[in-house]
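Each chain gets a letter, A, B and so on, in the order its sequence line appears, and its residues count up from 1.
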Amino acid sequence: MKIKNGFLNLEQTRQCHAHIIKTHFKFSYTNIINPLTRYNSLVTSYIKNNKPSSALNIYAFMRKNGSEVDNFTIPTILKACAQVLMTHLGKEIHGFAIKNGLDGDAYVSNALIQMYSECGSLVSARYLFDEMPNRDVVSWSTMIRGYHRGGLPEEALEVMREMRFMDIRPSEVAMISMVSLFADVADVDLGKAIHACVVRNCKDEKLGVAIATALIDMYSKCGNLAYAKQLFNRLNQNSVVSWTVMISGYIRCNEINEGVRLFAEMIEENVFPSEITILSLIIECGFVGGLQLGKWLHAYILRNGFEFSLAMANALVDMYGKCREIRSARTLFDGMKSKDVMIWNAVISAYAQAHCIDKAFELFIHMKVSKVRPNEVTMVGLLSLCTEAGALEMGKWLHTYIEKQGLEVDVILKTALVDMYAKCGDVNGAYRLFSEAIYRDICMWNAMMAGYGMHGCGEEALIFFVDMERSGVKPNGITFIGLLNACSHAGLVTEGKSVFDKMVHGLGLVPKIEHYGCMVDLLGRAGLLDEAHEMIKSMPLRPNMIVWGALLAASKLHKNPSMGEIAATQILEIEPQNYGYNVLMSNIYAVANRWNDVAGVRRVMKEIRVKKEPGFSSVEVNGLVHKFIRGGMVNWKS
DNA sequence: CTAGGGTTAG
């Protein structure tokens with residue numbers, strides 16, 4: 001058997017391996033004589049075929065037999081360590097490299113940086129990077145990618161800036177890292193800039209399929225499907241990855257039918273989905289609530305013999321949870337033989353999204369019994385559940401649990417705690433945690449301000465806003481939603497208007513539909529119905545349910561049936577079967593003594609006969625959460 | 001005829 005292009009597929013690799021063992025290292029497949037070269041070849045082939053553990057076995061075998069290991073072997077093995085997240089072995093190899101004087105080699109250093117960053121030790125990676133005397137483009141792009149994948153986009157951007165400052169010309173691979181960073185930052189302006197940079201660097205040459213794919217992904221994540229599709233159409237050589245990002249893009253933008261059509265087209269072109277393709281699509285289905293497609297994909301996995309990995313199960317549980325299909329989520333979860341923290345977290349958050357606080361806590365108890373240790377993510381999930389239910393005592397109990405277990409309280413967990421205390425009415429408790437935090441990010445500030453606003457403390461929220469700006473934290477769109485709500489609840493109309501003005505003109509933020517919703521609410525509550533209506537008419541976005549709903553509620557509050565009618569008409573056009581708003585409208589007519597109209601609305605409601613889940617509210621008394629459903633009451637133990 | 005950084009998800 002001859003090897004084409006020096007690359008073996010998995011079957012060939014295994015045959016080769018078996019042959020080497022059988023013939024005592026007489027390697028007859030190729031002309032390679034040197035035993036070290038043979039091993040390295042095998043290791044490489046296993047890694048290219050995505051079998052890192054086989055590669056590591058060979059490495060162990062080499063070491064046991066006292067075989068030489070060189071600076072070709074080390075980077076390859078490090079890559080295998082990174083794939084299976086074996087930090088220990090990685091560190092050991094690092095030590096070995098130092099002992100044998102191989103650590104001065106740029107290949108080896110770059111591989112070490114990669115290994116450390118993929119295994120989550122970004123500090124070690126950065127240390128090596130900083131100490132490296134012979135950094136090259138590869139070192140830079142590895143560092144950028146490391147920060148990006150490690151969830152530290154700010155640091156990645158900083159490294160990019162340094163790289164530019166040092167006048168290092170990015171290679172194609174480096175640009176791919178950058179484009180994919182902007183995809184997740186979802187900043188279309190930065191994205192266009194890097195696109196221009198890519199085009200400039202490639203000049204006459206055609207874009208490579210990898211970089212084009214990265215650009216397609218970036219544009220569709222920024223919501224610019226037209227650009228994405230254009231790039232996709234221009235590709236003359238499509239890979240399964242390009243199809244994956246294009247289809248995911250359509251689903252993410254809620255164009256599910258077009259996504260499904262493309263999926264069929266892909267199969268017709270004889271391109272077959274990989275595990276990641278299916279995984280991506282399932283995740284996107286959860287994102288937009290595409291239950292039907294999600295179910296179909298679930299069936300597709302079973303029909304086509306895909307490996308039902310934990311990652312796959314995780315994605316499915318998550319998707320079902322987001323689509324409120326809690327039974328499917330649970331059945332799937334129960335069917336998994338081995339479970340990790342992630343899947344426990346996924347099923348707990350599925351219950352959380354279905355507002356089943358009791359079930360979620362029940363699972364939390366089971367989780368501890370089955371000896372899976374809850375982590376910070378679990379805590380954040382449970383805390384947000386308490387926040388939603390207003391269960392202060394339960395939240396406090398979790399807080400104690402976190403401290404007793406010695407779980408690391410990072411910014412996210414701290415923010416969840418602040419948010420829980422604030423929204424459950426213990427604003428002082430929230431402030432205590434907030435003030436003792438060493439590091440506060442924008443989310444924590446937002447939670448604190450929204451908490452104050454929610455309890456009618458509009459002035460305090462505004463003071464916090466000034467403090468925040470003074471401490472150098474830049475407000476974002478969510479900050480202003482909290483602030484505008486705070487003004488609305490406290491009746492601070494003038495202040496609210498100037499907050500809105502500051503956001504648009506002072507900071508140049510483009511208001512989203514939510515901001516207009518807050519403004520309509522603010523003006524409407526204050527009785528400025530006409531002004532609120534003007535705001536809706538003049539806004540550059542298409543008004544949605546929430547906006548008209550705010551006007552309708554205000555019309556009811558200020559007993560203005562004619563304005564109510566205007567709002568209700570719009571709402572019925574957007575969502576004809578909405579039960580709640582019909583009720584509200586009939587109440588408005590009732591207040592104005594327009595009983596014929598009341599009867600009319602009731603008749604329409606009967607005709608539509610919508611079955612809608614009743615809303616509920618809840619309150620916690622002595623550790624018992626009471627849930628109110630339209631007059632009835634349910635409660636459960638915490 | 002071996003080798004390091006790349007696109008998709010979490």
Side-chain angles (χ1 to χ4, degrees), chain A residues 2-8 27 29-48 70-79 82 105-115 117-118 135-146 148-151 170-181 183-184 207-218 220-221 231 235 238-249 252 273-287 309-312 314-315 318-319 340 342-343 345-346 377:
Chain A
K2 284 275 178 196
I3 303 161
K4 278 178 205 152
N5 308 327
F7 176 65
L8 305 161
F27 199 79
Y29 286 86
T30 67
N31 302 324
I32 300 163
I33 317 277
N34 182 342
L36 176 61
T37 311
R38 249 184 244 157
Y39 286 130
N40 285 342
S41 239
L42 261 187
V43 167
T44 313
S45 293
Y46 270 125
I47 290 176
K48 281 197 176 162
D70 64 2
N71 58 345
F72 287 161
T73 324
I74 299 287
T76 324
I77 292 296
L78 283 171
K79 189 167 186 177
D105 189 303
Y107 284 172
V108 173
S109 306
N110 288 338
L112 281 166
I113 293 174
Q114 191 192 13
M115 184 275 296
S117 45
E118 300 241 325
R135 270 185 258 171
D136 58 11
V137 205
V138 179
S139 327
W140 286 92
S141 54
T142 308
M143 207 59 237
I144 293 172
R145 184 174 145 79
H148 174 206
R149 302 270 297 199
S171 62
E172 183 176 347
V173 173
M175 284 190 289
I176 293 171
S177 294
M178 297 179 196
V179 174
S180 81
L181 171 63
D184 285 349
L207 283 188
V209 65
I211 185 113
T213 303
L215 284 167
I216 293 169
D217 188 46
M218 189 267 296
S220 59
K221 279 191 180 146
L231 281 165
L235 279 177
N238 295 355
S239 70
V240 65
V241 183
S242 354
W243 283 98
T244 304
V245 297
M246 197 62 247
I247 300 170
S248 311
R252 176 171 294 217
S274 69
E275 191 187 332
I276 296 182
T277 309
I278 306 293
L279 217 46
S280 311
L281 301 190
I282 292 171
I283 289 161
E284 298 299 347
C285 283
F287 198 62
S309 61
L310 253 176
M312 204 68 111
N314 245 319
D318 196 61
M319 182 273 296
D340 62 355
M342 294 298 286
I343 199 162
N345 290 344
V377 182

Just the rounded figure in Å: distance from [atom2] of [N] to [atom1] of [X].
| X | N | atom1 | atom2 | result |
| --- | --- | --- | --- | --- |
| W243(A) | dT8(B) | CH2 | P | 19 Å |
| M246(A) | dA9(B) | CE | P | 14 Å |
| L42(A) | dC1(B) | CG | C1' | 14 Å |
| I74(A) | dA3(B) | CD1 | P | 16 Å |
| E275(A) | dT8(B) | CD | P | 16 Å |
| R135(A) | dG5(B) | CZ | P | 19 Å |
| M218(A) | dA9(B) | CE | C1' | 19 Å |
| M175(A) | dG6(B) | CE | P | 15 Å |

Base, sugar-phosphate, or nothing: which does [X] touch, judged by heavy atoms less than 4.0 Å apart?
| X | value |
| --- | --- |
| V241(A) | base |
| D217(A) | sugar-phosphate |
| I283(A) | sugar-phosphate |
| E172(A) | nothing |
| S180(A) | sugar-phosphate |
| V137(A) | base |
| R252(A) | nothing |

TODO: Answer yes or no: does a side-chain N or O of Q114(A) lie under 4.0 Å from OP1 or OP2 of dG6(B)?
DONE: yes
TODO: Please state whether the phosphate of dG5(B), meaning OP1 or OP2, lies under 4.0 angstrom from any side-chain nitrogen or oxygen of K79(A).
DONE: yes
Can you see which heavy atom on [X] is nearest to which on [Y], and at what distance?
| X | Y | value |
| --- | --- | --- |
| E275(A) | S309(A) | OE2-OG, 2.9 Å |
| S242(A) | V209(A) | OG-CG2, 4.0 Å |
| P170(A) | V137(A) | CA-CG1, 4.4 Å |

Quick check for you: among [options], whose closest atom lies nearest to any side-chain atom of [X]?
| X | options | answer |
| --- | --- | --- |
| S171(A) | dA3(B), dT8(B), dG5(B) | dG5(B) |
| T244(A) | dG5(B), dG4(B), dT8(B) | dT8(B) |
| R149(A) | dG6(B), dT8(B), dG10(B) | dG10(B) |
| I276(A) | dA9(B), dG6(B), dA3(B) | dA9(B) |
| K221(A) | dA3(B), dT8(B), dG5(B) | dT8(B) |

Open item on the list: Taking donor-acceptor contacts at under 3.5 Å, does the side chain of N314(A) reach the base of dG10(B)?
Closed with: no
TODO: Say whether, by atom type as modelled, one donor and one acceptor occur between the side chain of N40(A) and the main chain of V43(A) under 3.5 angstrom.
DONE: no
Open item on the list: Let's go through S274(A) and T277(A) carefully: what are the C-alpha distance in whole Å and the side-chain angles of both, what is the deciding distance for side-chain contact (heavy atoms from CB on, under 4.5 Å) to 0.1 Å, and is it a yes or a no?
Closed with: CA-CA 5 Å; S274(A) 69; T277(A) 309; 3.1 Å; yes
TODO: Check the pair I144(A) / M178(A) against side-chain contact (heavy atoms from CB on, under 4.5 Å), numbers first and verdict last.
DONE: CA-CA 8 Å; I144(A) 293 172; M178(A) 297 179 196; 4.3 Å; yes
